[in-house]
Amino acid sequence: MKRCPKCGAACPRPGQKFCSNCGAPLSETPPQATSSWPPAAFVHRKHLSMIAGGVVLVVVLALAGVLLFKGMRGQEAQPVTTVETGETAVDELSEGKRFYLENLAAVDGMKMTENGVPVDYYVAEDGRVYLDRTQITQTDTLLRAIVPSGDGWQTSLALVSKPSNATASFGTMTPCDEEGYNDPDEEYLDAMLSVYYKSQLKAFNTRKTEDLRFSTDKNTQGWEGDITMGAYDAVEYSGDKSDMVFSTAGLTYGEHSVTLNAAGRWTGVNRNTGETESGTDYMTIQAIWQDGIWKIDRCIPCTEEEYNNGTLKISVN
């Protein structure tokens, strides 16, 4: 009797493609595409520029705060206080060790985080802000600047696709709290899901859960069995030719959470036949604000119809 590779439930029906208990695919390869791509209900993708091979990829959160940002550009660079030590940072790194942050002016009291973790930053002789290059060690590293603004705060993001990039370019400032929290807009969700899904496919290829990006421990543990035991080994996935979009139908914001339906389009090569295959994964995803960053916390399979109708498989917090 066939059993589900994800939850172990018995699946006795001949030709059964999905587990009736958890919804996971039962075939050796993920479910094949049943319709054209992208799905009818996908959100219109607003192309972001990513730092890859010299091309800058910027995660832009919204259009608010443009005037403030322009005003900051005209300010003289202020002494920068390091986040962790509380001491004034010294412009002491050699040029080869500097990772420059474009479109960002240093303002007294500004904070900088890398994947949610506070990091020190420096100001060069010409006023340009930079990090210690050795801090950028992962692909798709998310940098966040948190800047005081009147009685509140503003934030801006940059996504570094490769540690070898020379610079990162920040987007528009948007209102946030002191920790940098604000509800993710559609462009941010678009970029986050794209990075996460490609990392998931990479984890299927390598069988390493540490390849998952923007994932909570809960979500990583939920995928651990599939990843480490090779549940999706039949295909070698292509990250460059795979992507994820989401539907605005059913998109719901909770308390420091957001829940939506997403469609992941994968492409890869069958390890047995050598033929190119492709398909679509439909799932309800819930992301939460955790440790200074938005992370994927739960992924539950859904149908194409549920995706199109905005029917969420996860209750909203």
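Shown here for V316 and G254, the closest heavy-atom pair between the two residues is CG1-CA, 4.2 Å. The minimum heavy-atom distance linking L189 with F246 is given by the pair CB-CE2, 3.9 Å. Contact detail for T167 and R128: the closest heavy-atom pair is CG2-NH2, 4.4 Å. Listed here is the closest heavy atom pair of A145 and M110: CB-SD, 4.4 Å. Of all heavy-atom pairs spanning A105 and V129, the tightest one is C-CG2, 4.2 Å. In this structure, P184 and V258 approach most closely via the heavy-atom pair CG-CG1, 4.1 Å.
A side-chain donor from one of D243 and S194 sits under 3.5 Å from a side-chain acceptor of the other. In this structure, a donor-acceptor pair under 3.5 Å is absent between the side chains of D211 and S199. No side-chain donor-acceptor contact under 3.5 Å links E277 and Y237. Using a 3.5 Å distance cut-off with no hydrogens or angles, the side chains of S215 and T220 do pair a donor with an acceptor. Of the N and O atoms on the side chains of D132 and T134, at least one donor lies less than 3.5 Å from an acceptor on the other residue. One side chain, Q286 or T259, offers a donor N or O that lies under 3.5 Å from an acceptor on the other. Side-chain atoms of Y196 and N219 include a donor-acceptor pair closer than 3.5 Å. Using a 3.5 Å distance cut-off with no hydrogens or angles, the side chains of R144 and T113 do not pair a donor with an acceptor.
In this structure the side chain of I288 never reaches within 4.5 angstrom of the side chain of H256, judged on heavy atoms. Inter-residue side-chain proximity for W289 and E255 is flagged as unmet; no heavy-atom pair is nearer than 4.5 Å. F214 is not listed as a side-chain neighbour of L193, based on a closest heavy-atom distance of 4.5 Å or more. Looking only at side-chain heavy atoms (C-beta outward), T141 and L159 stay at 4.5 Å or farther from each other. Looking only at side-chain heavy atoms (C-beta outward), P163 and Q138 stay at 4.5 Å or farther from each other. Within the 4.5 Å cutoff, side-chain heavy atoms of L312 are placed close to those of N261. T284 is not listed as a side-chain neighbour of T311, based on a closest heavy-atom distance of 4.5 Å or more. At a threshold of 4.5 Å between non-hydrogen side-chain atoms, the residues I285 and I296 count as touching.
Rounding to the nearest 0.5 Å places CG of L131 at 9.0 Å from CG of D120. Atom OG1 of T276 is separated from atom CD of E236 by 12.0 Å, given to the nearest 0.5 angstrom. Remark: L212 CG to W223 CH2 distance equals 9.0 Å, nearest 0.5 Å. Expressed to the nearest 0.5 Å, how far CH2 of W294 lies from CG of L157 amounts to 12.5 Å. For the atom pair K162 NZ and I136 CD1, the distance stands at 15.5 Å (nearest 0.5 Å). Atoms CG and OH, from L101 and Y121 in turn, are 10.5 Å apart once rounded to the nearest 0.5 Å.
A salt bridge does not link K218 with E224: every distance from a Lys NZ or Arg NE/NH1/NH2 to an Asp or Glu carboxylate oxygen is 4.0 Å or more. Contact check on D140 versus K198 returns no salt bridge, with no Lys/Arg side-chain nitrogen under 4.0 Å from an Asp/Glu carboxylate oxygen. With respect to the salt-bridge test (charged N to carboxylate O, under 4.0 angstrom), the residues K295 and D291 qualify.
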Please assess L104 against M112 for the test side chain to side chain contact (heavy atoms under 4.5 Å, CB included), listing each intermediate value before the final yes or no. CA-CA 11 Å; L104 186 67; M112 185 70 60; 3.5 Å; yes
Steps toward side chain to side chain contact (heavy atoms under 4.5 Å, CB included) verdict (D281, R265): CA-CA 6 Å; D281 295 323; R265 174 72 169 185; over 6 Å; no
Tell me, with the steps shown, if T216 and R298 meet side chain to side chain contact (heavy atoms under 4.5 Å, CB included). CA-CA 8 Å; T216 66; R298 297 181 68 189; over 6 Å; no
Checking N205 against Y232 for the side-chain hydrogen bond (donor to acceptor under 3.5 Å, both in side chains) test, could you report, in this order, the C-alpha distance in whole Å, the side-chain angles of both residues, the deciding distance, and whether it holds? CA-CA 8 Å; N205 288 339; Y232 294 90; over 6 Å; no
Going through the checks in order, is the side chain to side chain contact (heavy atoms under 4.5 Å, CB included) test met by V235 and R271? CA-CA 6 Å; V235 171; R271 296 178 189 270; 5.9 Å; no
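When atom types are taken as modelled, the side chain of Y282 and the backbone of Y307 share no donor-acceptor pair closer than 3.5 angstrom. With N309 contributing its side chain and E305 its backbone, the two residues share a donor-acceptor pair below 3.5 Å. Using modelled atom types, one side-chain atom of D177 and one backbone atom of Y181 make a donor-acceptor pair closer than 3.5 Å.
With hydrophobic clusters built from ILVMFWY side chains whose heavy atoms lie under 4.5 angstrom apart, V269 does not share a cluster with W266.
With side-chain heavy atoms closer than 4.5 Å counting as contact, directly or through intermediates, the hydrophobic cluster containing I146 also holds W153.
Counted within 6.0 Å of CG on D126, heavy atoms from surrounding residues, nucleotides or ligands total more than 12; the atom is thus considered enclosed.
Judged by a 6.0 Å distance limit and a 45° cone about the ring axis, R133 is not positioned over the six-membered ring of F99.
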